Amino acid sequence: MSKLKKAEEFVNVYRVKKEQFPAFHVTPPCGWMNDPNGFSSYHGKIHLFYQFHPYNEAWGPMHWGHSETTDFVKWTELPIALAPDQSYDDAGCFSGSAIETEKGHLLVYTGVTEQEENGVKNVYQNQCLAIGNGKTYTKLAQNPVVTGDMMPEHFSREHFRDPKIWKEEDGYYMVVGNKTDDGKPHVVLFHSEDAISWEYVSVLAKDDTGMLGTMWECPDLIPLGRKHMLCVSPMHCPAYRNVCLVGTFSREEGKLLNVEPVCPDAGPDYYAAQSFVDDRGQCVQVAWANGWDWMPQFRRWGVAEQGFWRGWFTLPRVVTEGADKLPRFQPHPQLETLRKKAIPWGRKELTAPWTLPDAAETAWEILLEIPAQQQTGGLLLQVGSCFALELTLASRTLHAYARDSGEQTVQDCGTLQLAPGAPVRLQVFLDRCSAEIFADGKCLSVNVFDTAPLRPVSLIPQGGTLPLQLLQVWHLQHVMEPQT
Ligand code: FRU
């Protein structure tokens, strides 16, 4: 039986019951998932693949899981797209991207192999292609189409992965994550006329300072107004989990110039972000809402450890250019269709703690606004016993704290600095085991690893009565029903 068929049959037997899942976040049907891959549209549908190891809850030889949507909200599970079944990818089909072409839906991924050479096990990573109809995919006979040997000699052949493809008037381009043999991270650029024969162009962006990690995983280059934004996931980088380098893309020089680093998410759970520009020209980004155990803020898997699955994606967010030419991140407007039941409020101030009704509910959206002139006091949003958001109005700061169940100490999960002198507008999404907070075009994503789901939710005024010019609360729909 083929590896693909074997994986499909396994998923059909071990698919996890939907009650165990988050309500409105993309999760694997069972087993392990990490990075979003191949975020693209094909024949009018939006496709999102993911790094997938169906057989257990730990990372293993990577497959590509597959789902599609028409609205970024309700996702349909499709058959597994890729399995590690060829001599050039038998150690894993690692992350990559996809594009609609005249010949079909083209997937570009990293084929990983391990070779025993002189008693040493060497790892090689090369870029490969598969073409399909939006449902099933065939790997190309020409694979691998981009190999490490096409680059300068002192560039790593072992850490050469995560191709992101796009098209310009003069053909196809791809960026790939890489590093020099002495441990400096960079992103390399390739060009092709037909998406099959590729040539090495240049180093698109690099870091020589040592401040931005040792290797850049999952490079993602997208237009941002007249500039471009290169998001990378730096390995071994205490300063950033994920960083966007905003600069000017010169196609002639093959370089991203005058780069400025921006943090796309202040929380600990935002990695391997991938974006795509939809048919209306809107740039949408999602990320793996977890991280690796070598990361400074790595936390275990919480509720997910109770079931036969691990990992989920963040909510889709729309990326736009702000007046300062830097990116702004907003929840995708289609997420409003998740709003199932509004909880009445109807007052103008919070004088005492308010615990939301329906304490068993775990899927919430909370939208609130505090007037600009309110400069004292604040708000504590307490969720269960393991998560809190603390807003301090004098400094316009929003701190997130979480405590894994069973642990005594509370961990600082990041801070959002809000604009001074403006109303505070917070939009908070709570799912079974995660919180995503949006304010002033910034966001903070955090997993909350309590053994029980996140509840109840209380809004507690700090330092006296808190005026609220808006407070809206909704139960959200449970949409992540696996296909049967
Ligand atoms: C990022 C990453 C990628 C790699 C994939 C393997 O999370 O390490 O660089 O392709 O995961 O699953």
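The model shown is predicted, which means the values in this text are computed figures rather than measured ones. Ligands are counted one by one from 1 in listed order, and the atoms in each one are counted from 1 as well.
- Of the possible polar contacts, one joining the N178 side chain to the S156 backbone as a donor-acceptor pair under 3.5 Å is found.
- Partner S40 forms a side-chain hydrogen bond (donor to acceptor under 3.5 Å, both in side chains) with one of H105, E100, Q274 and no other, that one being H105.
- Each of the atoms 12 (O) of ligand 1 lies under 4.0 Å from some heavy atom of M62.
- Residue-environment remark: CD (Q282) exceeds the threshold of 12 foreign heavy atoms within 6.0 Å.
- Nearest to atom 3 (C) of ligand 1 by heavy atom, out of D162, V112, T110, is D162.
- Enclosure of atom NZ in K139 by more than 12 non-hydrogen atoms of other residues, nucleotides or ligands within 6.0 angstrom is indicated.
- Residue, atom and distance of the protein heavy atom nearest to atom 2 (C) of ligand 1 are D35 OD2, 3.3 Å.
- Scanning all protein heavy atoms for the shortest distance to atom 8 (O) of ligand 1 gives E217 OE2, 2.7 Å.
- Contacts of D90 classified as side-chain contact (heavy atoms from CB on, under 4.5 Å), with partners at least two apart in sequence or in another chain: T113.
- Between Y271 and ligand 1, no N or O atom pair is found at a separation short of 3.5 Å.
- Looking only at heavy atoms of the protein, atom 6 (C) of ligand 1 is closest to Q51 OE1, 3.2 Å.
- Between N34 and ligand 1, an N or O atom pair is found at a separation short of 3.5 Å.
- Applying the ring-ring contact (aromatic ring centres under 6.0 Å, His included) rule to F94 yields the partners W59; only residues at least two apart in sequence or on another chain are considered.
- For ligand 1, the atoms sitting less than 4.0 Å from at least one non-hydrogen atom of S95 are 5 (C), 10 (O), numbered in the order shown with element in parentheses.
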